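Shown next, in C-alpha coordinates, is the structure this report addresses.
Computed from a predicted structure; not experimentally measured. A, B, ... follow the sequence lines: proteins, then strands. Residue 1 opens every chain.
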Protein chains: 2
Amino acid sequence: MLKISELAALTGLSAHTIRFYEKHGLIEASKRSDSGYRYYSDADVKRAEFVKSARNIGFSLDDIGVLLSIRLDKQSHSCQEVTDITQNKLDEVNERLSELQAMQQTLERLLESCCGGPENATHCSIIEALDGGDVTVTRRAS
Amino acid sequence: MLKISELAALTGLSAHTIRFYEKHGLIEASKRSDSGYRYYSDADVKRAEFVKSARNIGFSLDDIGVLLSIRLDKQSHSCQEVTDITQNKLDEVNERLSELQAMQQTLERLLESCCGGPENATHCSIIEALDGGDVTVTRRAS
DNA sequence: TATAAACTTAGAGTTAACTCTAAGGTCAAC
DNA sequence: GTTGACCTTAGAGTTAACTCTAAGTTTATA
Ligand SMILES: [Zn+2]
Ligand SMILES: [Zn+2]
Ligand SMILES: [Zn+2]
Ligand SMILES: [Zn+2]
(Lines give C-alpha, C1' and ligand atoms only; values in the text may rest on other atoms or scores of the structure.)
(Ligands and ions follow the chains in the order given, each with its own letter.)
Protein backbone atom coordinates (compact mmCIF):
# COMPACT_ATOMS: atom_id res chain seq x y z
CA MET A 1 0.00 0.00 0.00
CA LEU A 2 1.39 3.33 -1.11
CA LYS A 3 0.83 6.75 0.35
CA ILE A 4 -0.25 9.52 -1.96
CA SER A 5 3.25 10.95 -2.37
CA GLU A 6 4.52 7.51 -3.34
CA LEU A 7 1.80 7.11 -5.92
CA ALA A 8 2.68 10.58 -7.12
CA ALA A 9 6.34 9.65 -7.50
CA LEU A 10 5.37 6.47 -9.32
CA THR A 11 2.97 8.03 -11.79
CA GLY A 12 4.47 11.45 -12.23
CA LEU A 13 1.18 13.02 -11.18
CA SER A 14 1.23 15.47 -8.28
CA ALA A 15 -0.56 14.62 -5.05
CA HIS A 16 -2.83 17.57 -5.78
CA THR A 17 -3.68 16.16 -9.17
CA ILE A 18 -4.34 12.72 -7.71
CA ARG A 19 -6.84 14.21 -5.27
CA PHE A 20 -8.31 16.21 -8.10
CA TYR A 21 -8.74 13.06 -10.16
CA GLU A 22 -10.31 11.36 -7.16
CA LYS A 23 -12.84 14.16 -6.88
CA HIS A 24 -13.68 13.46 -10.51
CA GLY A 25 -14.03 9.74 -9.94
CA LEU A 26 -10.94 8.66 -11.86
CA ILE A 27 -8.64 7.44 -9.12
CA GLU A 28 -9.43 6.08 -5.71
CA ALA A 29 -7.61 4.86 -2.65
CA SER A 30 -9.05 1.54 -1.59
CA LYS A 31 -8.07 2.20 2.00
CA ARG A 32 -7.88 5.07 4.39
CA SER A 33 -5.95 4.96 7.64
CA ASP A 34 -7.78 5.84 10.86
CA SER A 35 -6.40 9.31 10.51
CA GLY A 36 -7.70 9.62 6.98
CA TYR A 37 -4.51 9.05 5.00
CA ARG A 38 -5.06 7.55 1.57
CA TYR A 39 -3.47 4.17 0.86
CA TYR A 40 -3.26 2.78 -2.62
CA SER A 41 -3.27 -0.95 -3.45
CA ASP A 42 -1.64 -2.51 -6.48
CA ALA A 43 -4.97 -2.38 -8.27
CA ASP A 44 -5.29 1.30 -7.40
CA VAL A 45 -1.84 1.90 -8.84
CA LYS A 46 -2.77 0.10 -12.05
CA ARG A 47 -5.85 2.21 -12.33
CA ALA A 48 -3.85 5.37 -11.79
CA GLU A 49 -1.40 4.27 -14.45
CA PHE A 50 -4.27 3.62 -16.84
CA VAL A 51 -5.47 7.15 -16.21
CA LYS A 52 -2.00 8.52 -16.79
CA SER A 53 -1.61 6.60 -20.05
CA ALA A 54 -4.96 7.75 -21.32
CA ARG A 55 -4.14 11.31 -20.32
CA ASN A 56 -0.83 11.12 -22.15
CA ILE A 57 -2.59 10.10 -25.31
CA GLY A 58 -4.76 13.16 -24.97
CA PHE A 59 -8.07 11.78 -23.76
CA SER A 60 -10.15 14.19 -21.72
CA LEU A 61 -10.99 13.37 -18.13
CA ASP A 62 -14.55 12.69 -19.21
CA ASP A 63 -13.37 10.23 -21.85
CA ILE A 64 -11.17 8.56 -19.28
CA GLY A 65 -14.14 8.21 -16.97
CA VAL A 66 -15.98 6.30 -19.66
CA LEU A 67 -12.93 4.20 -20.52
CA LEU A 68 -12.53 3.33 -16.85
CA SER A 69 -16.10 2.19 -16.55
CA ILE A 70 -15.56 -0.05 -19.57
CA ARG A 71 -12.31 -1.35 -18.08
CA LEU A 72 -14.12 -2.10 -14.84
CA ASP A 73 -16.81 -4.21 -16.51
CA LYS A 74 -15.57 -5.35 -19.89
CA GLN A 75 -18.34 -7.92 -20.18
CA SER A 76 -20.97 -5.25 -20.42
CA HIS A 77 -19.22 -3.14 -23.03
CA SER A 78 -18.16 -3.59 -26.62
CA CYS A 79 -15.02 -2.90 -28.56
CA GLN A 80 -17.12 -0.52 -30.62
CA GLU A 81 -17.71 1.69 -27.63
CA VAL A 82 -13.96 1.88 -27.18
CA THR A 83 -13.23 2.62 -30.82
CA ASP A 84 -15.98 5.25 -30.88
CA ILE A 85 -14.25 7.19 -28.15
CA THR A 86 -10.89 6.67 -29.77
CA GLN A 87 -12.10 7.67 -33.22
CA ASN A 88 -13.77 10.78 -31.88
CA LYS A 89 -10.55 11.77 -30.21
CA LEU A 90 -8.62 11.11 -33.41
CA ASP A 91 -11.07 13.25 -35.36
CA GLU A 92 -10.59 16.04 -32.87
CA VAL A 93 -6.81 15.72 -33.09
CA ASN A 94 -6.92 15.73 -36.88
CA GLU A 95 -9.06 18.81 -36.93
CA ARG A 96 -6.73 20.65 -34.63
CA LEU A 97 -3.77 19.46 -36.68
CA SER A 98 -5.25 20.99 -39.80
CA GLU A 99 -5.71 24.27 -38.04
CA LEU A 100 -2.19 24.27 -36.71
CA GLN A 101 -0.69 23.25 -40.04
CA ALA A 102 -2.44 26.16 -41.68
CA MET A 103 -1.05 28.47 -39.02
CA GLN A 104 2.38 26.97 -39.45
CA GLN A 105 2.38 27.58 -43.18
CA THR A 106 1.20 31.12 -42.81
CA LEU A 107 3.75 31.91 -40.13
CA GLU A 108 6.56 30.40 -42.17
CA ARG A 109 5.52 32.37 -45.21
CA LEU A 110 5.40 35.56 -43.18
CA LEU A 111 8.81 34.92 -41.69
CA GLU A 112 10.29 34.34 -45.13
CA SER A 113 8.88 37.60 -46.38
CA CYS A 114 10.28 39.79 -43.60
CA CYS A 115 13.91 40.82 -43.39
CA GLY A 116 13.87 40.51 -39.62
CA GLY A 117 16.55 43.17 -39.39
CA PRO A 118 17.11 46.02 -36.95
CA GLU A 119 15.87 48.77 -39.27
CA ASN A 120 12.50 50.30 -38.68
CA ALA A 121 9.28 48.56 -39.55
CA THR A 122 7.89 51.09 -42.02
CA HIS A 123 8.41 48.57 -44.81
CA CYS A 124 7.60 45.42 -42.79
CA SER A 125 5.93 42.84 -44.95
CA ILE A 126 4.42 41.03 -41.99
CA ILE A 127 2.62 44.13 -40.80
CA GLU A 128 1.61 44.78 -44.39
CA ALA A 129 0.24 41.28 -44.80
CA LEU A 130 -1.83 41.57 -41.65
CA ASP A 131 -3.01 44.97 -42.78
CA GLY A 132 -3.98 43.71 -46.19
CA GLY A 133 -5.85 40.77 -44.77
CA ASP A 134 -4.23 38.52 -47.37
CA VAL A 135 -3.18 35.91 -44.88
CA THR A 136 -4.17 32.30 -45.10
CA VAL A 137 -7.45 31.73 -43.40
CA THR A 138 -7.10 29.24 -40.61
CA ARG A 139 -10.09 27.62 -39.06
CA ARG A 140 -10.72 28.55 -35.49
CA ALA A 141 -10.68 25.96 -32.76
CA SER A 142 -14.11 24.46 -32.26
CA MET B 1 -18.98 55.52 -39.92
CA LEU B 2 -20.28 52.11 -39.02
CA LYS B 3 -22.28 51.03 -36.03
CA ILE B 4 -21.03 48.07 -34.04
CA SER B 5 -23.36 45.58 -35.71
CA GLU B 6 -22.12 46.75 -39.09
CA LEU B 7 -18.51 46.31 -38.06
CA ALA B 8 -19.47 42.89 -36.73
CA ALA B 9 -21.03 41.92 -40.05
CA LEU B 10 -17.96 43.18 -41.88
CA THR B 11 -15.37 41.42 -39.77
CA GLY B 12 -17.23 38.33 -38.70
CA LEU B 13 -16.62 39.21 -35.07
CA SER B 14 -19.63 39.45 -32.78
CA ALA B 15 -20.55 42.81 -31.25
CA HIS B 16 -19.80 41.23 -27.88
CA THR B 17 -16.35 40.25 -29.04
CA ILE B 18 -15.69 43.69 -30.45
CA ARG B 19 -16.52 45.26 -27.08
CA PHE B 20 -14.39 42.63 -25.41
CA TYR B 21 -11.48 43.51 -27.69
CA GLU B 22 -12.03 47.17 -26.93
CA LYS B 23 -11.79 46.45 -23.22
CA HIS B 24 -8.43 44.85 -23.98
CA GLY B 25 -7.24 47.80 -26.03
CA LEU B 26 -7.31 46.09 -29.41
CA ILE B 27 -10.14 47.84 -31.17
CA GLU B 28 -11.58 51.27 -30.65
CA ALA B 29 -14.40 53.39 -31.97
CA SER B 30 -13.06 56.81 -32.85
CA LYS B 31 -16.45 58.36 -32.22
CA ARG B 32 -19.35 58.01 -29.87
CA SER B 33 -22.76 59.50 -30.49
CA ASP B 34 -24.29 61.68 -27.78
CA SER B 35 -26.17 58.64 -26.61
CA GLY B 36 -23.01 56.61 -26.37
CA TYR B 37 -23.28 54.54 -29.54
CA ARG B 38 -19.93 53.46 -30.99
CA TYR B 39 -19.10 54.65 -34.49
CA TYR B 40 -16.23 53.19 -36.44
CA SER B 41 -14.23 55.09 -39.05
CA ASP B 42 -12.45 53.53 -42.02
CA ALA B 43 -9.25 53.51 -40.00
CA ASP B 44 -11.06 51.76 -37.16
CA VAL B 45 -12.32 49.16 -39.60
CA LYS B 46 -8.80 48.57 -40.90
CA ARG B 47 -7.55 48.15 -37.40
CA ALA B 48 -10.33 45.67 -36.62
CA GLU B 49 -9.47 43.75 -39.76
CA PHE B 50 -5.82 43.67 -38.73
CA VAL B 51 -6.88 42.21 -35.40
CA LYS B 52 -9.05 39.66 -37.14
CA SER B 53 -6.26 38.62 -39.48
CA ALA B 54 -3.79 38.26 -36.66
CA ARG B 55 -6.32 36.28 -34.66
CA ASN B 56 -6.92 33.98 -37.61
CA ILE B 57 -3.23 33.22 -37.81
CA GLY B 58 -3.35 32.26 -34.17
CA PHE B 59 -1.71 35.19 -32.41
CA SER B 60 -2.82 35.71 -28.83
CA LEU B 61 -4.58 38.90 -27.87
CA ASP B 62 -1.43 39.98 -26.05
CA ASP B 63 0.67 39.41 -29.17
CA ILE B 64 -1.85 41.37 -31.17
CA GLY B 65 -1.59 44.23 -28.71
CA VAL B 66 2.13 44.40 -29.33
CA LEU B 67 1.72 44.08 -33.09
CA LEU B 68 -0.81 46.91 -33.03
CA SER B 69 1.55 49.18 -31.17
CA ILE B 70 4.21 48.47 -33.78
CA ARG B 71 1.71 49.10 -36.55
CA LEU B 72 0.77 52.38 -34.95
CA ASP B 73 4.34 53.66 -34.85
CA LYS B 74 6.42 51.73 -37.32
CA GLN B 75 9.25 54.25 -37.12
CA SER B 76 9.99 53.32 -33.54
CA HIS B 77 10.01 49.59 -34.07
CA SER B 78 12.10 47.15 -36.01
CA CYS B 79 11.36 44.24 -38.29
CA GLN B 80 13.18 42.12 -35.77
CA GLU B 81 10.57 42.83 -33.14
CA VAL B 82 7.94 41.62 -35.55
CA THR B 83 9.82 38.46 -36.51
CA ASP B 84 10.51 37.71 -32.84
CA ILE B 85 6.82 37.60 -32.11
CA THR B 86 6.16 35.62 -35.26
CA GLN B 87 8.98 33.16 -34.61
CA ASN B 88 7.84 32.62 -31.04
CA LYS B 89 4.38 31.88 -32.28
CA LEU B 90 5.74 29.49 -34.88
CA ASP B 91 7.79 27.70 -32.23
CA GLU B 92 4.69 27.33 -30.13
CA VAL B 93 2.72 26.01 -33.07
CA ASN B 94 5.47 23.55 -33.94
CA GLU B 95 5.62 22.27 -30.41
CA ARG B 96 1.91 21.74 -30.29
CA LEU B 97 2.07 20.07 -33.70
CA SER B 98 4.60 17.56 -32.42
CA GLU B 99 2.39 16.74 -29.49
CA LEU B 100 -0.65 16.30 -31.66
CA GLN B 101 1.20 14.22 -34.23
CA ALA B 102 2.33 11.87 -31.49
CA MET B 103 -1.26 11.61 -30.28
CA GLN B 104 -2.43 11.03 -33.82
CA GLN B 105 -0.01 8.16 -34.37
CA THR B 106 -0.89 6.54 -31.10
CA LEU B 107 -4.60 6.83 -31.71
CA GLU B 108 -4.27 5.43 -35.22
CA ARG B 109 -2.20 2.54 -33.96
CA LEU B 110 -4.76 1.80 -31.26
CA LEU B 111 -7.63 1.93 -33.74
CA GLU B 112 -5.85 -0.50 -36.04
CA SER B 113 -5.33 -2.92 -33.19
CA CYS B 114 -8.95 -3.06 -32.05
CA CYS B 115 -11.65 -4.95 -33.92
CA GLY B 116 -14.20 -2.27 -33.15
CA GLY B 117 -16.94 -4.85 -33.22
CA PRO B 118 -20.06 -5.34 -31.15
CA GLU B 119 -18.72 -8.20 -29.04
CA ASN B 120 -17.70 -7.55 -25.48
CA ALA B 121 -14.52 -5.80 -24.55
CA THR B 122 -12.86 -8.54 -22.53
CA HIS B 123 -10.25 -8.90 -25.26
CA CYS B 124 -10.02 -5.23 -26.24
CA SER B 125 -6.52 -4.33 -27.29
CA ILE B 126 -7.06 -0.63 -26.65
CA ILE B 127 -8.00 -1.20 -23.04
CA GLU B 128 -5.07 -3.61 -22.80
CA ALA B 129 -2.66 -1.08 -24.25
CA LEU B 130 -3.80 1.57 -21.79
CA ASP B 131 -3.55 -0.94 -18.99
CA GLY B 132 -0.07 -1.99 -19.98
CA GLY B 133 1.13 1.57 -20.22
CA ASP B 134 2.85 0.72 -23.51
CA VAL B 135 1.41 3.64 -25.36
CA THR B 136 3.50 6.22 -27.13
CA VAL B 137 4.52 8.92 -24.76
CA THR B 138 3.21 12.26 -25.90
CA ARG B 139 4.48 15.45 -24.44
CA ARG B 140 2.00 17.40 -22.46
CA ALA B 141 0.97 20.89 -23.47
CA SER B 142 3.24 23.47 -21.92
C1' DT C 1 9.95 15.48 23.04
C1' DA C 2 10.40 18.53 19.59
C1' DT C 3 10.54 19.52 15.01
C1' DA C 4 9.82 18.83 10.25
C1' DA C 5 7.77 16.52 6.60
C1' DA C 6 3.71 14.72 4.96
C1' DC C 7 -1.06 14.38 5.21
C1' DT C 8 -6.11 16.13 5.51
C1' DT C 9 -10.20 19.25 3.86
C1' DA C 10 -12.81 22.87 1.63
C1' DG C 11 -12.63 26.04 -1.34
C1' DA C 12 -10.48 29.80 -4.05
C1' DG C 13 -7.49 31.08 -7.96
C1' DT C 14 -5.47 30.44 -12.72
C1' DT C 15 -5.64 30.86 -17.90
C1' DA C 16 -7.54 32.52 -22.41
C1' DA C 17 -10.86 34.09 -24.96
C1' DC C 18 -14.85 34.65 -25.08
C1' DT C 19 -20.11 34.54 -24.11
C1' DC C 20 -24.02 35.83 -21.89
C1' DT C 21 -27.30 38.38 -18.75
C1' DA C 22 -29.82 42.08 -16.76
C1' DA C 23 -31.64 46.32 -16.82
C1' DG C 24 -32.25 49.90 -19.22
C1' DG C 25 -31.66 53.79 -23.16
C1' DT C 26 -32.11 54.95 -28.38
C1' DC C 27 -33.66 54.95 -32.96
C1' DA C 28 -36.20 53.96 -37.34
C1' DA C 29 -40.40 52.75 -39.25
C1' DC C 30 -45.26 52.54 -39.60
C1' DG D 1 -46.53 57.20 -30.46
C1' DT D 2 -45.64 52.61 -30.20
C1' DT D 3 -43.34 48.57 -31.54
C1' DG D 4 -39.11 46.19 -32.19
C1' DA D 5 -34.45 46.10 -33.39
C1' DC D 6 -30.32 47.78 -31.76
C1' DC D 7 -27.46 49.99 -28.48
C1' DT D 8 -25.33 50.82 -23.61
C1' DT D 9 -22.88 49.17 -19.09
C1' DA D 10 -21.18 46.27 -15.42
C1' DG D 11 -20.36 42.19 -14.22
C1' DA D 12 -21.09 37.16 -13.98
C1' DG D 13 -20.55 32.63 -16.26
C1' DT D 14 -18.10 29.16 -19.31
C1' DT D 15 -14.45 25.58 -20.21
C1' DA D 16 -10.73 22.26 -18.87
C1' DA D 17 -7.53 20.80 -16.09
C1' DC D 18 -5.29 21.86 -12.93
C1' DT D 19 -2.84 24.56 -8.99
C1' DC D 20 -2.59 26.60 -4.82
C1' DT D 21 -3.87 28.22 -0.01
C1' DA D 22 -5.11 27.98 4.70
C1' DA D 23 -5.61 25.89 8.76
C1' DG D 24 -5.17 22.09 11.07
C1' DT D 25 -3.66 16.77 12.00
C1' DT D 26 -0.43 12.88 11.80
C1' DT D 27 3.76 10.60 11.41
C1' DA D 28 8.67 9.92 11.24
C1' DT D 29 13.13 11.26 12.83
C1' DA D 30 16.68 12.78 16.05
ZN1 LIG E 1 12.50 44.68 -42.73
ZN1 LIG F 1 9.47 43.06 -41.45
ZN1 LIG G 1 -12.70 -6.53 -30.21
ZN1 LIG H 1 -11.18 -3.52 -28.80
Side-chain angles (χ1 to χ4, degrees), chain A residues 1-29 31-40 44 48 51-52 54-66 68 88-89 92-93 96 99-100 103 138-142, chain B residues 1-29 31-40 44 48 51-52 54-66 68 88-89 92-93 96 99-100 103 138-142:
Chain A
M1 301 292 266
L2 303 180
K3 281 195 286 189
I4 195 166
S5 65
E6 294 165 328
L7 181 62
L10 204 64
T11 56
L13 302 167
S14 74
H16 272 308
T17 300
I18 292 170
R19 289 190 204 99
F20 172 78
Y21 283 177
E22 179 183 297
K23 196 157 46 180
H24 289 262
L26 302 185
I27 285 179
E28 62 171 344
K31 284 204 181 138
R32 290 287 189 122
S33 72
D34 289 351
S35 56
Y37 280 31
R38 291 168 176 83
Y39 282 94
Y40 297 92
D44 295 339
V51 171
K52 183 76 192 311
R55 197 73 199 86
N56 278 348
I57 293 173
F59 286 114
S60 69
L61 301 191
D62 279 359
D63 284 343
I64 295 172
V66 178
L68 281 169
N88 285 344
K89 187 70 209 174
E92 210 179 279
V93 165
R96 188 74 185 123
E99 292 168 7
L100 284 168
M103 288 183 199
T138 61
R139 281 169 281 165
R140 273 190 297 174
S142 54
Chain B
M1 301 291 266
L2 304 179
K3 281 194 286 190
I4 195 164
S5 64
E6 293 166 327
L7 180 62
L10 204 63
T11 57
L13 301 167
S14 74
H16 273 305
T17 299
I18 291 169
R19 289 190 203 99
F20 172 78
Y21 283 177
E22 178 183 298
K23 197 157 44 179
H24 289 262
L26 301 184
I27 286 179
E28 62 173 343
K31 283 204 181 139
R32 291 286 190 124
S33 72
D34 290 350
S35 55
Y37 280 32
R38 290 167 176 83
Y39 282 93
Y40 298 91
D44 295 339
V51 170
K52 184 73 192 313
R55 198 72 199 87
N56 278 347
I57 292 174
F59 286 114
S60 69
L61 301 190
D62 279 358
D63 285 343
I64 295 172
V66 177
L68 280 169
N88 286 343
K89 188 70 208 175
E92 208 179 282
V93 165
R96 189 75 185 122
E99 292 169 6
L100 284 168
M103 288 183 200
T138 61
R139 279 170 283 168
R140 275 188 296 176
S142 56

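Distance, R32(B) CZ to dT8(D) C1': 8 Å, rounded to whole Å. Put simply, CE on M1(A) is 15 Å from P on dT27(D), counting in whole angstrom units. Atoms CZ (R19(B)) and P (dG11(D)) sit 16 Å apart, rounded to a whole Å. Atom-to-atom, CD1 of I18(A) to C1' of dT19(D) comes out at 14 Å; the value is rounded to the nearest Å. Summarising the geometry, the separation between CG on L13(A) and P on dC20(D) is reported as 15 Å, rounded to the nearest angstrom. The CD atom of E22(B) sits 16 Å away from the P atom of dG11(D) (whole-angstrom rounding).
Here the CG-CD1 distance, from L26(A) to I64(A), works out to 6.0 Å after rounding to the nearest 0.5 Å. D44(A) CG to M1(A) CE: the interatomic distance, rounded to the nearest 0.5 Å, is 6.5 Å. Taken from CG in L2(B) to NZ in K31(B), the straight-line distance is 13.0 Å, to the nearest 0.5 Å. In this structure, K23(B) NZ and T17(B) OG1 are separated by 11.0 Å, a value rounded to the nearest 0.5 Å.
Here dC6(D) is the nucleotide among dC18(D), dT8(D), dC6(D) with the atom lying nearest to any side-chain atom of S5(B).
Residue-to-nucleotide proximity on DNA chain C shows that, of K23(A) and G36(A), the 5′-proximal contact is made by G36(A).
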Report all interatomic pairs (protein N or O, nucleotide N or O of nucleotides 13-17 of chain D) with separations under 3.5 Å.
none

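Looking only at side-chain heavy atoms (C-beta outward), L13(A) and I27(A) come within less than 4.5 Å of each other. When side chains are defined from C-beta on, L61(B) counts as touching R55(B), because their heavy atoms get closer than 4.5 Å.
Of the charged side-chain nitrogens involved, at least one lies within less than 4.0 Å of a carboxylate oxygen, so that K89(A) and E92(A) count as a salt-bridged pair.
At the phosphate of dC7(C), neither OP1 nor OP2 sits under 4.0 Å from any side-chain N or O atom of R38(A).
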Applying salt bridge (Lys or Arg N to Asp or Glu O under 4.0 Å) to K3(A) and E6(A), what does each step give before you reach the verdict? CA-CA 5 Å; K3(A) 281 195 286 189; E6(A) 294 165 328; 5.8 Å; no

How does each nucleotide of nucleotides 22-30 of chain C score, in 5' to 3' order, for protein heavy atoms under 4.0 Å: base (B), sugar-phosphate only (S), or none (-)? ---BBS---

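For the side-chain contact (heavy atoms from CB on, under 4.5 Å) test, residues two or more places apart in sequence or in another chain that qualify with E22(A) are R32(A), R38(A), Y40(A).
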